[in-house]
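Have a look at the structure below, then the notes.
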Amino acid sequence: MTIAVRPRFRLVVAGSVEEQMERLRLAATDPRARCVHRVVGHHVDITVIPEDRHRWSPCIQMELRPLEDGTVIDGLVGPHPNVWTFYAFVNFTLVVVIAFGIMIGLV
């Protein structure tokens with residue numbers, strides 16, 4: 001059994017990509033939603049507004065693709081990209097420090 005750190009989902013919904021994009025835009029612009037969205041082509045990012053954002057706040061990335069009889073929504077749920085950048089930087093720094101430590105230890 002594995003636990004996904006960044007779970008993925010796939011939905012098949014009725015309607016065209018444009019209809020689904022409009023539904024997402026309307027839902028994200030609702031003042032009660034308290035979220036920020038960014039749309040680039042058929043890609044949608046939805047995050048929590050900066051005032052309510054924490055390290056553990058989710059970010060949803062969705063890609064919409066047309067099907068013959070509907071739309072496929074491929075999604076990814078995870079922390080905000082800033083968190084992943086910090087995580088990658090910390091891991092890279094640890095690897096460099098360990099590598100230098102091993103080199104100095106071997107010399």
Side-chain angles (χ1 to χ4, degrees):
M1 181 173 110
T2 61
I3 297 174
V5 176
R6 296 180 70 188
R8 298 176 185 274
F9 63 90
R10 176 171 283 175
L11 301 172
V12 178
V13 294
S16 69
V17 172
E18 289 75 22
E19 291 171 356
Q20 300 308 320
M21 294 290 287
E22 186 60 30
R23 287 180 66 195
L24 285 170
R25 274 194 209 97
L26 289 174
T29 55
D30 183 3
R32 296 171 292 155
R34 303 199 42 90
C35 64
V36 178
H37 71 287
R38 183 179 61 183
V39 178
V40 179
H42 292 157
H43 184 84
V44 180
D45 290 337
I46 300 175
T47 60
V48 178
I49 60 172
E51 296 85 35
D52 294 341
R53 191 176 300 154
H54 300 287
R55 286 187 304 262
W56 56 85
S57 295
C59 177
I60 301 172
Q61 301 170 355
M62 294 179 279
E63 185 73 32
L64 285 76
R65 293 181 292 125
L67 274 180
E68 296 167 0
D69 57 344
T71 301
V72 174
I73 302 174
D74 289 319
L76 175 69
V77 180
H80 196 271
N82 293 346
V83 173
W84 282 114
T85 305
F86 177 72
Y87 176 76
F89 176 75
V90 167
N91 282 330
F92 176 75
T93 303
L94 287 174
V95 167
V96 169
V97 167
I98 290 170
F100 280 125
I102 289 173
M103 285 191 289
I104 291 172
L106 289 174
V107 169

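When a residue number appears, it is its place in the shown sequence, counting from 1.
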Heavy atoms from other residues, nucleotides or ligands near CZ of Phe9 exceed 12 (cutoff 6.0 Å):
yes
Just do the side chain to side chain contact (heavy atoms under 4.5 Å, CB included) check on Tyr87 and Asn91 with the steps written out, would you?
CA-CA 6 Å; Tyr87 176 76; Asn91 282 330; 3.2 Å; yes
Just verifying a value: how many Å separate Arg32 CZ and Arg34 CZ, rounded to the nearest 0.5 Å?
13.0 Å
Can you tell me how far the CE atom of Met21 sits from the CD1 atom of Ile73, to the nearest 0.5 Å?
10.0 Å
Between Phe86 and Leu94, is there shared hydrophobic-cluster membership here, with clusters defined by ILVMFWY side-chain heavy atoms closer than 4.5 Å?
yes
Got more than 12 heavy atoms from elsewhere within 6.0 Å of CD, Glu51?
yes
List the atom of Val77, the atom of Pro58, and the distance in Å for their closest heavy-atom pair.
CG1-CB, 4.4 Å
For Val72, does its backbone N or O pair with a side-chain atom of Glu63 as donor and acceptor, under 3.5 Å?
no
Heavy-atom pair of closest approach, residues Cys35 and Ala28:
SG-O, 3.8 Å
Do Pro50 and Val36 have side-chain heavy atoms sitting under 4.5 Å apart?
yes
Measure the CD1-CZ distance between Ile46 and Arg38 for me, rounded to the nearest 0.5 Å.
11.5 Å
Does Thr71 use its side chain to pair, donor to acceptor, with the backbone of Val17 at less than 3.5 Å?
yes
Sequence neighbours left out, what passes salt bridge (charged side-chain N to carboxylate O under 4.0 Å, His left out) with Arg23? Give chain and number order.
none
Can you list everything that forms a side-chain contact (heavy atoms from CB on, under 4.5 Å) with Val107? Sequence neighbours excluded, please.
none
Linking I/L/V/M/F/W/Y whenever any side-chain heavy atoms sit under 4.5 Å apart, do Leu67 and Val13 land together?
no
How long is the span from the CG atom in Leu11 to the CE atom in Met62, to the nearest 0.5 Å?
9.0 Å
Single-linkage hydrophobic cluster, 4.5 Å side-chain cutoff, Met103 and Phe92 together
yes
Enter the distance from Ile60:CD1 to Leu24:CG here, rounded to the nearest 0.5 Å.
10.0 Å
Gln20 CD to Arg65 CZ distance, which is reported to the nearest 0.5 Å:
14.0 Å
Arg8 vs Gln61, test: side chain to side chain contact (heavy atoms under 4.5 Å, CB included). Steps then yes/no.
CA-CA 9 Å; Arg8 298 176 185 274; Gln61 301 170 355; over 6 Å; no
Heavy-atom side-chain proximity of Arg25 to Val44 below 4.5 angstrom:
no
At their closest point, which heavy atom of Cys59 faces which heavy atom of Pro79, and how far apart are they?
CB-O, 3.8 Å
